Amino acid sequence: MPESKKNPRANADKQKRFRERQKAAGKKQVRGYVTPEALNCYEEIQQKTGWSDSEVLSNSLRLMYAAYRCGQVKLLNEWLKDHNR
């Protein structure tokens, strides 16, 4: 079976181009690329709660799971829309 000659840096180069496009679009990487509006909300949550990055992620997942289990995801989404979040 002949070995294919792939560029071992192709994936790294692709990821680098992706990060550059996200930065050019004005997005910042937190735990993924977020818009400036989302970053403002994220920073507001950190200021009000004093939570670290991992605590914000963990607690937001817990909140979404609780809303899902109680059938309140629609209510949560409506609140976020009403408060421009």
Side-chain angles (χ1 to χ4, degrees):
M1 194 179 267
E3 291 183 25
S4 61
K5 296 189 177 191
K6 294 183 179 179
N7 181 0
R9 292 197 32 87
N11 193 39
D13 292 338
K14 184 178 178 182
Q15 290 175 356
K16 182 179 179 182
R17 288 191 304 270
F18 175 77
R19 288 191 300 270
E20 289 170 354
R21 282 195 310 270
Q22 295 302 314
K23 286 180 186 177
K27 297 180 180 178
K28 181 179 176 186
Q29 183 176 14
V30 177
R31 282 194 177 252
Y33 287 95
V34 296
T35 62
E37 295 85 14
L39 186 58
N40 289 338
C41 290
Y42 174 80
E43 290 170 349
E44 182 181 343
I45 289 170
Q46 280 191 318
Q47 289 172 357
K48 288 183 177 182
T49 61
W51 292 340
S52 67
D53 179 55
S54 61
E55 290 171 321
V56 170
L57 178 65
S58 176
N59 290 330
S60 63
L61 290 173
R62 289 176 184 185
L63 175 66
M64 284 303 299
Y65 182 71
Y68 164 74
R69 292 294 293 179
C70 296
Q72 300 297 317
V73 173
K74 183 178 179 183
L75 179 67
L76 181 59
N77 283 334
E78 287 175 5
W79 185 90
L80 291 169
K81 287 179 187 176
D82 291 344
H83 292 84
N84 297 324
R85 300 291 181 183

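Here, residue 1 is the first one in the sequence, and each next residue gets the next number. A quick note: this is a predicted structure, and the numbers were derived from the prediction, not measured.
- Pairs engaging residues 57-82 under the side-chain hydrogen bond (donor to acceptor under 3.5 Å, both in side chains) rule: Trp79-His83 [sequence neighbours left out].
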Enumerate donor-acceptor pairs with a distance under 3.5 Å from any side-chain N or O in residues 34-44 to protein atoms, sequence neighbours excluded.
from  : atom 1 : to    : atom 2 : distance (Å)
Thr35 : OG1    : Glu37 : OE1    : 3.4
Thr35 : OG1    : Ala38 : N      : 3.2
Asn40 : ND2    : Pro36 : O      : 3.4
Tyr42 : OH     : Gln46 : NE2    : 3.2
Tyr42 : OH     : Asp53 : OD1    : 2.4
Glu44 : OE1    : Arg85 : NH1    : 2.9
Glu44 : OE1    : Arg85 : NH2    : 3.4
Glu44 : OE2    : Lys48 : NZ     : 2.9
Glu44 : OE2    : Arg85 : NH2    : 3.3

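- For Ser52, the side chain to side chain donor-acceptor pair (under 3.5 Å) partners are Ser54, Glu55, not counting sequence neighbours.
- Residues that satisfy the ring pair (Phe, Tyr, Trp, His ring centres under 6.0 Å) test with Trp51, not counting sequence neighbours, are absent from this structure.
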Scan the side chains in residues 8-18 for donor-acceptor partners under 3.5 Å anywhere in the protein, sequence neighbours excluded, and list what turns up.
from : atom 1 : to    : atom 2 : distance (Å)
Arg9 : NH2    : Asp13 : OD1    : 3.3

